[in-house]
Asks: 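Please see the structure below; I have some questions.
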Amino acid sequence: MDKILRSIFILLLLSPAAGFGQGKKEVWRYEGPRFGIDLSRFLMPTIQNATKSAFEIQADYPYKGNFFPTVEVGYQNVDDLKDAFHYTNKGAYGRIGVDVNINKFESLSDNDLVFVGFRYGFSRFSHETLASSYTNYWGTLQSSFPKKNMGAHWGELVFGLKGELLPNIFFGWSVRAKFLLASTKDPNVTPYVIPGLGYTASEVPFDFSVTVAYRIPLIKTKKMPKSLKSARPKRSDSDNDEELDPNDPNNPYNNSNGYGGGQRGRNQLQY
Amino acid sequence: MVRGYNKLAKGDTLVFNKFSATEFKVGLPLAVNTDTTGFIVFANGKASSFWLKHTMTFQLISQSCGFAPNYDLVASKYSSFIDSIRIFDPVVNPKSAEKYATNGQNITVYLHLTTP
């Protein structure tokens, strides 16, 4: 517990938002790469029957405010010992894709996301049947199948939430529908679990993830990301102020939201 | 009555049918350690045999069901009192039971119920 509190304290110290000695608190918007771990990978072995261990790390980076190109990599090991067979499956996987924020940022300090996204996933893994048996009227057949290297490709649709609990510390969850696109064929053993995809008994496997992430605040800005919902058609090329709308609460230069003190937009310098 | 070939021990009878129907369906297991399965059919006080030759792959069905054989029937052979054997569906696997429930069949064995 002491270590956890110390870690949180250090993270808070690292956060530029928690600056010292600032007489006047100025609100900035911070952006940067976000790195996280999927906590659900640690929980799943207790939920599901198979002896399973896994970890997954995730990273994303904001692009134009509402788009988050995402990379996820992980490793999974399944050791399933049942009465009639003993099956092992282990391998690494990766996913790349994009999350799109559909939530409207209310202020410069608002980093909470409601997102939809897609992923392309791929896995390289090996599986092996150490023992299997089948008994009927004629007797018992016992067999084993050697280790075989396999591969799989799939797509995912993602919906989730991500909230900034503490400065630069994010907590979120997502649900995923997965679609197996292709996998290596094995005439004897079609894998019932694929690292990164999950169990293949269902044609559209569903999965969820619970993520804790830390954002490295590399970029400091006063610019609010343009909401996807309020996206307007572009004006003429000569109008460079197209992203600023004095009536838009998303405009950082419009001080009606109480943030962004000390900054004035060009459209406010006319008096 | 149907019994496995060379299976003579008590309790080895696969089907014991006292009904006088001229047509009935039964599920018969195939051998797991050889490529030929033989059965003896007892009807009207006469016994006749038939053999099914097959190839087999041992496959993982699912995490809950485990492994099961998947057969492909390739040929049949039979003795007197059996008129013929027709293979309708050569693939025999755990799904065959579902087919059997919905009026499907893998093979039909036609018997001479009267002396030819």
Side-chain angles (χ1 to χ4, degrees), chain A residues 44-45 47-52 76-89 125-148 150 152 180 183-195 197-203 205, chain B residues 1-17 26-42 49-73 90-98 100 106:
Chain A
M44 292 307 272
I47 297 170
Q48 295 173 333
N49 294 329
T51 305
K52 184 174 162 185
Q76 180 179 283
N77 182 16
V78 171
D79 190 339
D80 203 1
L81 178 58
K82 299 222 182 295
D83 291 339
F85 66 91
H86 185 189
Y87 175 76
T88 63
N89 177 313
F125 63 100
S126 65
H127 71 168
E128 182 177 8
T129 303
L130 301 168
S132 62
S133 68
Y134 176 83
T135 301
N136 72 1
Y137 171 84
W138 296 99
T140 298
L141 172 63
Q142 291 184 316
S143 186
S144 63
F145 300 100
K147 184 177 175 180
K148 184 170 182 182
M150 308 282 285
L180 182 63
S183 64
T184 309
K185 303 295 179 197
D186 184 332
N188 296 109
V189 186
T190 300
Y192 58 81
V193 60
I194 294 175
L197 176 75
Y199 287 87
T200 59
S202 165
E203 284 191 15
Chain B
M1 187 171 77
V2 182
R3 177 174 277 180
Y5 195 81
N6 282 339
K7 286 275 199 175
L8 301 172
K10 189 179 179 182
D12 280 347
T13 300
L14 282 165
V15 178
F16 190 80
N17 191 338
V26 294
L28 298 176
L30 296 175
V32 290
N33 291 310
T34 59
D35 63 355
T36 303
T37 306
F39 300 96
I40 304 171
V41 181
F42 299 87
S49 307
F50 68 93
W51 291 265
L52 297 170
K53 189 171 176 59
H54 43 74
T55 60
M56 188 268 278
T57 52
F58 196 39
Q59 291 182 330
L60 178 64
I61 304 304
S62 68
Q63 185 186 19
S64 54
C65 298
F67 286 77
N70 189 341
Y71 299 93
D72 203 3
L73 302 177
V91 177
V92 182
N93 57 30
K95 289 183 179 175
S96 299
E98 295 171 23
Y100 173 69
N106 291 106

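Remember, it's a predicted structure, so these values are computed and weren't measured experimentally. Below, read A as the first sequence line, B as the second, and so on, with proteins coming before strands; counting in each chain starts at 1. Any value given below was found using the heavy atoms of this structure, including those in side chains, with hydrogens, waters and symmetry copies removed.
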Asks: Could you tell me if the ring centre of Phe145(A) sits under 6.0 Å from that of Phe67(B)?
Replies: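 Yes, the ring of Phe145(A) comes within the 6.0 Å limit of the ring of Phe67(B), centre to centre.
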Asks: For a quick test of reading the model, state the closest non-hydrogen atom pair linking Gln63(B) to Lys82(A) and the distance between them.
Replies: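 What the structure gives for the nearest pair is O-CE, 3.5 Å.
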Asks: Can you tell which of Thr34(B), Leu60(B), Asn70(B) has the highest number of heavy-atom pairs within less than 4.5 Å of chain A?
Replies: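 So the answer, after comparing Thr34(B), Leu60(B), Asn70(B), is Leu60(B).
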Asks: Measure distances from Thr135(A) to the heavy atoms of chain B and classify the residue's part below 4.5 Å as side chain, backbone, both or neither.
Replies: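 Contact with chain B: none, neither part.
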Asks: Hey, which of Ser144(A), Ser132(A), Pro187(A) is the one that makes side-chain contact (heavy atoms from CB on, under 4.5 Å) with Phe58(B)?
Replies: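 When Ser144(A), Ser132(A), Pro187(A) are each tested with Phe58(B), the side-chain contact (heavy atoms from CB on, under 4.5 Å) holds only for Ser132(A).
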Asks: At a heavy-atom separation under 4.5 Å, does Thr129(A) approach chain B through its side chain, its backbone, both, or neither?
Replies: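 Just its side chain gets close to chain B.
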Asks: Could you tell me whether a side-chain N or O of Asn136(A) sits under 3.5 Å from a main-chain N or O of Leu30(B), the two making a donor and an acceptor?
Replies: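 Checked: pair present.
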Asks: So, for Tyr137(A) and Pro29(B), which heavy atoms are closest and what is the spacing to 0.1 Å?
Replies: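 That would be CB-CG, 3.5 Å.
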Asks: CG of Asn33(B) to OH of Tyr134(A): how many Å apart, nearest 0.5 Å?
Replies: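 Answer for the CG-OH pair, Asn33(B) versus Tyr134(A), is 12.0 Å.
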Asks: Hey, could you give me the OH/OG distance between Tyr192(A) and Ser64(B), rounded to the nearest 0.5 Å?
Replies: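 Answer rounded to 0.5 Å: 10.0 Å.
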